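Some notes on the structure that comes next.
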Amino acid sequence: MIYIYNDYGGTHTTSLAAAYHLKQLPQSERKLTTEEILNVKYFNQMTKDDFGRIIFHGKDEEGNSVYTLGRKRNKLVVPALKELALLLQEQYHFNDKIIFSNTSPTVPTAMSIGGFFSRGLKIDFIGVPLLVLGAKQCCDNIFRLVENTKHVGSSSFNENVIILENKMYK
């Protein structure tokens, strides 16, 4: 199975989701510390050149691959990737389930503004504290989103490629 967490930039909520999925962050309902957030691999480190790249984060305890994707505002990227995956599965008898899980609904305003200052304007002394504040605000939603994504992955849906929009995590 392949999990791909995706959002606008692919560096904040997606990185946190991948870290939760891979048990690199404490799996609890408590708020993350500033140090835990800033030590997450790829958190606030992706650049505009990384948009559209599928970034490997590791394998989970069941051997499933976990990736992230920054898709910008383009809502067609994930549906196009789904169609490509279905084509490849049919053509090459590739049967692994692929789950695209959108982390965008979890993004609070502080994180959006922080990302703009830090990644867009390169003003980290304003952006990073806002990103950390935003991450603390949404970490519980991200944790629950990841748990749901893993649950969907382990269920017996007939579909081989599933897109989760996750609107309930706003």
Side-chain angles (χ1 to χ4, degrees), residues 2-60 65-82 98-150 152 162-170:
I2 298 170
Y3 293 95
I4 303 174
Y5 293 99
N6 66 90
D7 76 351
Y8 178 84
T11 191
H12 300 119
T13 58
T14 56
S15 295
L16 291 169
Y20 273 125
H21 190 116
L22 296 169
K23 299 187 187 275
Q24 297 166 345
L25 287 173
Q27 303 273 317
S28 70
E29 303 292 320
R30 74 168 177 79
K31 299 290 183 211
L32 296 173
T33 67
T34 298
E35 184 176 293
E36 287 170 329
I37 294 164
L38 294 177
N39 284 329
V40 168
K41 189 174 183 181
Y42 298 115
F43 185 85
N44 202 40
Q45 295 175 13
M46 308 304 281
T47 68
K48 63 181 179 178
D49 293 334
D50 295 313
F51 288 129
R53 287 186 52 221
I54 299 174
I55 309 290
F56 179 69
H57 286 257
K59 291 197 179 264
D60 68 14
S65 298
V66 177
Y67 297 86
T68 59
L69 168 67
R71 57 177 156 66
K72 290 285 269 184
R73 293 191 197 283
N74 196 331
K75 301 287 184 186
L76 300 176
V77 170
V78 172
L81 287 172
K82 177 181 180 177
I98 301 172
I99 311 251
F100 291 95
S101 188
N102 181 8
T103 62
S104 293
T106 67
V107 178
T109 302
M111 186 173 275
S112 294
I113 294 168
F116 173 71
F117 275 100
S118 182
R119 304 316 310 146
L121 300 177
K122 308 287 186 236
I123 305 174
D124 283 340
F125 74 93
I126 295 173
V128 171
L130 289 169
L131 287 166
V132 168
L133 173 66
K136 288 179 180 183
Q137 290 172 346
C138 70
C139 64
D140 183 51
N141 275 347
I142 295 171
F143 173 73
R144 289 184 297 114
L145 179 148
V146 168
E147 290 301 299
N148 183 63
T149 300
K150 290 167 84 172
V152 169
I162 299 169
I163 297 174
L164 300 176
E165 289 298 336
N166 299 315
K167 292 181 181 177
M168 66 280 242
Y169 297 103
K170 278 192 173 196

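Treat the numbers as computed from the prediction; the structure is a model and nothing was measured.
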Could you pull out the closest heavy-atom pair between [X] and [Y], with the gap in Å?
X      : Y      : result
Ser15  : Gly10  : OG-O, 4.1 Å
Leu16  : Met111 : CD1-CE, 4.5 Å
His57  : Tyr67  : CD2-C, 4.1 Å
Val146 : Ala17  : CG2-O, 3.5 Å

Practice problem: Test Ser101 against Tyr3 for side chain to side chain contact (heavy atoms under 4.5 Å, CB included), laying out the working first. | Solution: CA-CA 7 Å; Ser101 188; Tyr3 293 95; over 6 Å; no

Self-check item: Asn166 and Thr106 side chains, donor-acceptor separation under 3.5 Å
Solution: no

Quiz item: Does any donor atom in the side chain of Thr68 or Thr14 lie under 3.5 Å from an acceptor atom in the other side chain?
Solution: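 Distance-only check fails for Thr68 and Thr14.
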
Once you round to the nearest 0.5 Å, how far does [atom1] of [X] lie from [atom2] of [Y]?
X      : Y      : atom1 : atom2 : result
Cys138 : Arg144 : SG    : CZ    : 11.0 Å
Ile4   : Thr149 : CD1   : OG1   : 12.0 Å
Gln24  : Asn39  : CD    : CG    : 11.0 Å
Tyr8   : Arg73  : OH    : CZ    : 5.0 Å

Practice problem: Apply the test side chain to side chain contact (heavy atoms under 4.5 Å, CB included) to residues Lys136 and Thr34: give CA-CA distance (whole Å), side-chain angles for both, the deciding distance (0.1 Å), then the verdict. | Solution: CA-CA 8 Å; Lys136 288 179 180 183; Thr34 298; 3.0 Å; yes

Quiz item: Any donor-acceptor pair under 3.5 Å linking the side chain of Asn148 with the backbone of Leu145?
Solution: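 Flag not set: sc Asn148 to bb Leu145 has no pair under 3.5 Å.
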
Exercise. Please answer whether the main-chain N or O of Tyr42 pairs with a side-chain N or O of Thr11 as donor and acceptor at a distance below 3.5 Å.
Key: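 Such a contact is found between Thr11 side chain and Tyr42 backbone.
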
In the structure I gave you, are the side-chain heavy atoms of [X] and [Y] within less than 4.5 Å of one another anywhere?
X      : Y      : answer
Lys31  : Cys139 : yes
Leu164 : Tyr169 : no
Asp60  : Lys23  : no
Ile142 : Thr103 : no
Arg71  : Phe51  : no

Quiz item: Aromatic ring centroids of His12 and Phe43 under 6.0 Å?
Solution: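 Centroid separation for His12 and Phe43: below 6.0 Å.
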
Practice problem: Would you check if the distance from the ring center of His21 to the ring center of Tyr5 is below 6.0 Å? | Solution: yes

Quiz item: Checking side chain to side chain donor-acceptor pair (under 3.5 Å) against Thr13, which of Asp7, Asn141, Asn102, Asn6 comes through?
Solution: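 Per the side chain to side chain donor-acceptor pair (under 3.5 Å) rule, the option paired with Thr13 is Asp7, out of Asp7, Asn141, Asn102, Asn6.
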
Quiz item: Got a sec: does the NZ of Lys170 have more than 12 other heavy atoms crowding it under 6.0 Å?
Solution: no

Can I get a per-line list of side-chain donor-acceptor pairs under 3.5 Å for residues 113-126, giving both atom names and the distance, sequence neighbours left out?
residue: Ser118; atom: OG; partner: Asn44; partner atom: OD1; Å: 3.3
residue: Ser118; atom: OG; partner: Asn44; partner atom: ND2; Å: 2.8
residue: Ser118; atom: OG; partner: Asp124; partner atom: OD1; Å: 2.5
residue: Arg119; atom: NE; partner: Met46; partner atom: O; Å: 3.0
residue: Arg119; atom: NH1; partner: Asn44; partner atom: O; Å: 3.0
residue: Arg119; atom: NH2; partner: Met46; partner atom: O; Å: 3.1
residue: Lys122; atom: NZ; partner: Arg119; partner atom: O; Å: 3.0

